[in-house]
Enquirer: 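Sharing a structure here in structure tokens format.
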Amino acid sequence: MAQTYDLTKGKVTPLILKFFFPMFLTNMLQQIYLIADTSIVGKGLGDNALAAVGNMSSLNFLVIGFSMGLANGFSVSIAKEFGAKNYDNLRRAIASSVILSVIVAVILTVLSTLFLPDFFETIRTDSSIMNDSLTYGYIMFGGLAATIAYNICSSVLRALGDSKTPFIAIIISTILNIILDIVFIFGFKTGVEGAAAATIFSQLLSAFVCFLRLRKIDIIKLKISDFRNNSFMYKELFKNGLPMALMNSITALGCMVVQYFVNGLGVAYTSAYSACSKFINLFMQPSCTAGFTMSSFTSQNYGAGKYSRIQDGLKVCLSIALVSYLALGSVMCFMPEALAKLMLTGNEPVSLAKEYLPICGAMLFTVDFLFVFRSAVQGMGKPVIPMISGIIEMCMRILVIVLFIDKIGFSATAYADVVAWIGAISLNCTAYHIIISKYIRKNSDIHKNRTYFSSMYNSSISHKMKSIHRM
């Protein structure tokens, strides 16, 4: 029988670190692949091809981010049932997640491919990169089911405390991805379609590896009955999944507006923004992983009613985020040119990236802490608050880019990100402290009442025994 990992027992720090590191390596490998993929495209096909691939980033975030939000929301419900040791509901939650994921995959694939040309027109895509953008987009969204399959399988595994299997899956798929990139682009001279096809094949393989692991876990072996009469479970899954999916999509809309203004400045700006976005995503990964860890840890302990343990977990995850900021924020502040030249070849895109990276590097701690607090709130079954913070993030980002892009140029994109992060963390941090205080106070009152009634009961028994003794 394959093993699951109970995060409601044992010392908090070693438990979190044991869960964190495999998932961190998983996410870093994914981002390193994206960096390698971007470098291969940029060096092999030129800055225009890089701009075409980067032009997809905001739409990619909208569509794939929506599916990831759903999967992460589903995992909150799954982890809660696992923490409560309610295995019947656990299987129903997984079965319902599979059905919903299939439906979502079909809908997103149809919509994203159908409206792809309209999207690129809307964000003012330059004619010189339009064909490559469409080619890359059609292949990526045509294979969206593979990405969604990996997201749901890895989310279920994390909900059960297994962060090692997704790591193994990503090692295998990353190696395959890079090999296929090199073979397609440099060997077969395929262009951007080769990079897209390599990604889809690799995602399919990573989903298959995770699926093989899930099949070995006895407590989640699904039966036909687990798929029936699940209206209550669909409601529970949507309660957690839909707000998180909308949060990602709302944030993506803000990024689309930024992309619209950046594209209007020229292809050099699009290339620079693409490269900077890749670095931001890479350097966020330790804290993003700490957030995923916090989500699984919080959900299991919330299901078990161990609220003070959630606080202990938060301290550990915030410490991880702080170390990440000090290390990686410094690299962005003091080595922007070296970073830019890893992906970009033209002098103008490199110069633009040097404006962006130090600004975001100095304030990277805001988004690092945001991941942890937001995940804790989500894990306690309050997904609407992070969704509202996504709306705040979007509004802040749009406001700054509209007001300042003409005044200060490309650096306005960096300030838009920073202001958006500050707005989002302010809400999530405040909400976390209010919610956890309420639960701990409620738990304390229950404990006091139990102690009081136990004392009264013992006193009554003692009094009766004394009366009997006197008789």
Enquirer: Aromatic rings Phe20 and Phe24: how do their planes relate, parallel, tilted or perpendicular, breaks at 30° and 60°?
Expert: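 Rings of Phe20 and Phe24: parallel, as their planes differ by under 30°.
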Enquirer: Is it true that the side chains of Thr174 and Asn177 contain a donor and an acceptor less than 3.5 Å apart?
Expert: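 There is no such pair between these side chains.
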Enquirer: Are Phe19 and Asp162 close enough, and set up right, to give a side-chain contact (heavy atoms from CB on, under 4.5 Å), and what steps lead you there?
Expert: CA-CA 7 Å; Phe19 186 82; Asp162 180 4; over 6 Å; no
Enquirer: Give the ring-plane orientation class for Phe74 versus Phe238, where under 30° counts as parallel, over 60° as perpendicular and anything between as tilted.
Expert: perpendicular
Enquirer: For the CD1 atom of Ile185 and the CD atom of Glu193, what is their distance to the nearest 0.5 Å?
Expert: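 Output value for this atom pair is 9.0 Å.
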Enquirer: Could I get the full list of side chain to side chain donor-acceptor pair (under 3.5 Å) partners for Ser389, not counting sequence neighbours?
Expert: Asn428
Enquirer: For the rings on Phe119 and Phe115, is their centre-to-centre separation under 6.0 Å?
Expert: no
Enquirer: Do the side-chain N and O atoms of Thr270 and Asn263 include a donor-acceptor pair separated by under 3.5 angstrom?
Expert: yes
Enquirer: If I take atom CD1 from residue Ile129 and atom OG from residue Ser271, how far apart are they, to the nearest 0.5 angstrom?
Expert: 7.5 Å
Enquirer: For the residue pair Tyr273 and Tyr356, does the interplanar ring angle fall in the parallel (under 30°), tilted (30 to 60°) or perpendicular (over 60°) class?
Expert: perpendicular
Enquirer: Assess the side chains of Tyr302 and Tyr439: does a donor N or O sit below 3.5 Å from an acceptor N or O?
Expert: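 Checked: Tyr302/Tyr439 side chains pair up, N/O donor to acceptor below 3.5 Å.
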Enquirer: How far does OG1 of Thr289 sit from CZ of Phe21, to the nearest 0.5 angstrom?
Expert: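 If I round to the nearest 0.5 Å, the distance is 10.5 Å.
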